[in-house]
> 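Take a look at the following structure, please.
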Amino acid sequence: MMMIWHPGAFGILMICQMGLGASPIARLTTDGLEKARPTFSADGTSLLVARHAADGGTISLHWVDPAGLAPERRLTDRKLPEYHAAIDPSGKRVLFVAISQSGTQGNLDIASVNADGSGLSTLVGDVSGKLSHQDWPSWSPDGSRFAFSSTHEGNQEIYTARADGSDLARLTQSPGQDVHPCWSPGGDFLVFATDRWGGLELARAKVDGTGVERLTTSPGFDDFPAVSPDGKRLAFVSNRDGNYEVHVAAIDGTGAVNVTRSPGRDTHPCWSPDGRSVVVVSDRDGGADLYRVDVGP
Amino acid sequence: MNVSQDRTRRAFLQAGGAAALGLAMGHPAAIRSARGTALSAASGAPARAVIVLWLWGGPSQLDTFDPKPDAPIEHRGPFESIATSVPGVRFVELLPGLARRAHRLAVVRSMRHESNDHGVAGTIALTGSIAGAVDLGGNAATGAMRPSVGAIVSRLSRDRVSPSGLPPYVVLGSPLHQGLKRVVGEGGGLLGGSYDPFRLDYEPGRGVKVPDLDLPPEISADRMQARWGLHQSLTGHVSLGEGRAPQDLKRQYDLARGLLSAKAGLDVLDLDREPERVRARYGAHRFGRCCLIARRLVEAGTPFVQVNWSTHVECPEDAGDGGWDMHDRYFAIMQDRHGWMLDRAMSALIDDLDDRGLLESTLIVAVGEFGRTPKINEKAGRDHWNHCYSAVLAGGGVPGGVVVGASDRRAEHPTDRPVSPADLGATILARLGVGAADLTGIGLVPMGEPISELV
């Protein structure tokens, strides 16, 4: 059993109990190349992650076996940059950010592809012909819609769309940055990061954009929220302790615990399907690799 | 070439193939040879070496060293400012390491010049002059290209090979580009190509590379050695002729042979000689490793090293290799990549030099070709802004905890003490003990005024 001691929001000493016999942190990859936004397949047997090439000049999506048994493989055979993937609840379709080549400077589309790499199509491109970027897709739990951020109306806001990319609906109305939406497993709200109150903080809103509620208040940024599969907890990145760490809190943002606690950079958390661990990108051992952090049931 | 891992190619270099490669691959500028007057190392100037951290693409002044937390939300950006070790001076939250070392830094918050074109601005920032600059449309400014500060140092160096075994002016990175267009200004300009930089680079997962001497995969070391033998047999009977160009070429061969005979010139590039804890402090990414190479070069006696953040201005997801030209997704990239990379690598460089007693004699300068628009654009990015940006200096006798100049409440324009790239260049040279007489002595017209607070 491992315990993490952390002063809670009200100065209360909190105890987080790790699973019996579990290794609290396990390294899943060793290539050390830059990575972004891992996400689990629906059955939890594979991870899809964006990875830079060794020369740093290209980024593409790769299936990774967290057990280290199966060889890594590309999601698509595209030559152009692709990253920030989201797998639909059925596990059959993947949304990702697809870039047209430079000097487009900001022409990012939301593309869709089958999990086997077939059936590639663009779902949300330049809306009304205006150069803009669409980013960070997140599926609704029933797979009928997805959320994402877009700049097509002149500022970065959160939108949702039908699974086929139609019926865009704007959720946020802020002159600042609204980014990194995560649809709750219950389907009733979205968590996202916003700088409307100063630095980046986490907020949630109903899926029609009403009822915006602030979840965190901390020095430094809180970003990249990920709601646990049971909808009760929130993993996110914060530098409130002076370094990029992944924290886990109750869904209302209270009781945040630093679960990574390394001098390295820990970021981009995603939950395992069983909700017992989060996978993060960390450079605690030098290069950027994937690590599984057990956080208990 | 991978020095740390590819022993075959290393053996080839040690055996004497590099000069042949410089010939065979058509890169006569790879290694230079020329006469030189003595750099004023003994003049009492505190700095004996310079490391320029060239932040190609142009960082935002607001999101680095000149945050404006009270500016409107459309300007300030999503990142908070944090206190530094200097009371009253704040940096952006992505730079906590540099904030803790602010008492060692001099921050110039009032840099400015006349162009917002990467190519032109790059030339201005590196040479102090717009002369000869070429813009994105291919239009060249009138006048002869001035030499970069590094090239001036190279010209004034006593020896064409520094004690490190390498030429006195080393750039870590390939020639700068804006899109597919090469940017001028890193070289010797009117001093001549003999003072162009010697280029090295580092590729994560492979190791140190010598771009100009990189062997194509299909060519073995033995084959190149054979070519070198052929070259020697030919040049033994063929005159290179008279005049500057042939003599420059001959000097390149001489220098190449000198380089190859100096084992230190190779050892200095072997990062495996560094303890893991030191490598980790710099970071495993290319920029961090290049900062570590820069320290090793300076330690070995190279007087001027420039670390290029990237070859291309564009961000990595936009067909570049990770420059600072983020017209879109500025804040996402700053958070995921640029902010912490700069913070860790530059902090490590400062500490490492200090630990070795080299900080007082080594001037670090971190600067790009311009800043970014204070008003956030429609793509969550910032565009080019040459009217106000920041430069940061450390070591080399420059006083720490100093802020030079100031910008207005949105960091749009200097409100105090505007500083030009020519002034910054003059400051670097002044810290090295190079004055107007040294410059006129090699046919250059001195430009700019040293920043009085820093010299």
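Numbers restart at 1 for each chain; the letters A, B, ... are given by sequence-line order, proteins then strands. The model shown is predicted, which means the values in this text are computed figures rather than measured ones.
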> Which residues satisfy the side chain to side chain donor-acceptor pair (under 3.5 Å) test with A:Arg214, sequence neighbours excluded?
A:Thr217
> Where on A:Glu153 is there a heavy atom nearer than 4.5 Å to chain B: the side chain, the backbone, both, or neither?
neither
> Is it the side chain or the backbone of B:Ala280 that comes within 4.5 Å of chain A heavy atoms, both, or neither?
neither
> State plainly whether the residues A:Asp289 and A:Arg27 are in salt-bridge range, i.e. N to O under 4.0 Å.
yes
> Identify whether the distance between the nearest side-chain nitrogen and carboxylate oxygen of A:Glu34 and B:Arg337 falls below 4.0 Å.
yes
> Pick from B:His384, B:His312, B:His177: which one makes a ring pair (Phe, Tyr, Trp, His ring centres under 6.0 Å) with B:His118?
B:His384
> So what's closer than 4.5 Å to chain A heavy atoms on B:Ile82: side chain, backbone, both or neither?
neither
> Return the option, out of A:Val237, A:Asp195, A:Asn155, with the maximum number of heavy-atom pairs under 4.5 Å with chain B.
A:Asp195
> Which residue pairs satisfy the salt bridge (charged side-chain N to carboxylate O under 4.0 Å, His left out) criterion with at least one member in residues 59-75 of chain B, sequence neighbours excluded?
B:Asp63-B:Arg382, B:Asp66-B:Lys68, B:Asp66-B:Arg109
> Checking ring pair (Phe, Tyr, Trp, His ring centres under 6.0 Å) against B:His338, which of B:Trp56, B:Tyr330, B:Trp309 comes through?
B:Trp309
> Are the charged groups of B:Arg295 and B:Glu274 less than 4.0 angstrom apart, N to O?
yes
> With sequence neighbours left out, write down each residue that passes side-chain contact (heavy atoms from CB on, under 4.5 Å) with B:Val86, or none if nothing qualifies.
B:Thr84, B:Val89, B:Ala102, B:His103
> Non-hydrogen contacts under 4.5 angstrom with chain A: give the residues of residues 341-350 of chain B involved, or none if there are none.
B:Met341, B:Arg344
> Non-hydrogen atoms of chain B under 4.5 Å away: do they reach the side chain of A:Asp223, the backbone, both or neither?
side chain
> Return the option, out of A:Asp285, A:Thr267, A:Asn239, A:Val281, with the maximum number of heavy-atom pairs under 4.5 Å with chain B.
A:Asn239
> Given a strict heavy-atom distance threshold of 4.5 Å, which part of B:Arg76 is in contact with chain A: side chain, backbone, both, or neither?
side chain
> Suppose we call two aromatic rings close when their centres sit under 6.0 Å apart. Are A:Phe224 and A:His268 close by that rule?
yes
